[in-house]
Amino acid sequence: MSHSTSSDRDNAGFTLIEVLVALSVVAVSLVAIGSLIATTVRGTRSIDQHLALIETARAIETALPERDQLVIGNLSGESSGHRWRVDVLPFISNFVDPRNAPSWVPQTVVVTVQSPSGSIFQIDTVRLRKRTSE
């Protein structure tokens, strides 16, 4: 049979300070994990929005009229909540001689897509168009 003394009872269990230290360590760990999860969610959302912009721009670009029907001007509309605009402009550069009349004429095509959140994605490209006899 063992008898417990008052000094044994004083050393049994946790003190209030030990419990507070343990709770603060757990709280700091949870905050760090929560911060990491929030950053990951924001990054994933940003990538999803960017991919949606790219997919919309590619769909618009593939739906452009044939070369001979694509004239100088602009087209605009909305697709899946994304506003888009296509600008067809004359291609201007210092290495294209306007006096020399090649059979193909370059045109600048700019596809701009804006997401509902306001993010903008733009594709600039050059498309060749057969010169019409004038």
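Computed from a prediction, not measured in an experiment: that's the story for all the values here. Along the sequence shown, the residues carry numbers beginning at 1.
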Between Leu70 and Pro65 the two heavy atoms that sit nearest each other are CD1-CD, 3.9 Å
Flag side-chain contact, heavy atom, 4.5 Å: Lys130 against Trp104: yes
Could you give the distance from OG1 (Thr112) to CG (Leu53), rounded to the nearest 0.5 Å? 11.0 Å
Short side-chain to backbone donor-acceptor contact, Glu55 and Ala52, under 3.5 Å: no
Shortest non-hydrogen contact from Pro116 to Gly81? CG-O, 3.3 Å
Closer than 3.5 angstrom, by distance alone: can the side chain of His82 be matched with the main-chain N or O of Ser80 as a donor-acceptor pair? yes
Under 4.5 Å between any side-chain heavy atoms of Leu64 and Glu61, yes or no? yes
Rounded to the nearest 0.5 Å, how far apart are CZ of Arg83 and OG of Ser115? 10.5 Å
Rounded to the nearest 0.5 Å, how far apart are CZ of Phe121 and OG1 of Thr56? 10.0 Å
Any donor and acceptor pair, going by atom type alone, linking the side chain of Thr40 with main-chain N or O of Leu36 inside 3.5 Å? yes
What's the shortest heavy-atom distance between Phe91 and Val126, and which atoms? CE1-CG2, 3.5 Å
For the CD atom of Gln49 and the CD1 atom of Ile54, what is their distance to the nearest 0.5 Å? 12.5 Å
Between Val105 and Val109, is there shared hydrophobic-cluster membership here, with clusters defined by ILVMFWY side-chain heavy atoms closer than 4.5 Å? no
Hey, does the side chain of Thr15 reach the backbone of Glu18 with a donor-acceptor pair shorter than 3.5 angstrom? yes
How far does CD of Gln107 sit from CG of Leu89, to the nearest 0.5 angstrom? 9.0 Å
Quick check: are there more than 12 heavy atoms from other residues, nucleotides or ligands sitting under 6.0 Å from CG of Leu30? yes
Tell me whether Arg127 at atom CZ has more than 12 heavy atoms from other residues, nucleotides or ligands lying less than 6.0 Å away. yes
Taking Arg58's backbone N and O only, do any of them form a donor-acceptor pair with Thr62's side chain (distance below 3.5 Å, no angle check)? yes
One should read off an interatomic distance between Ile72 CD1 and Thr108 OG1, to the nearest 0.5 angstrom, of 8.0 Å
Just wondering, do Asn74 and Val88 contact through their side chains at under 4.5 Å, heavy atoms? no
Closest heavy-atom contact between Ser24 and Val21? OG-O, 2.7 Å
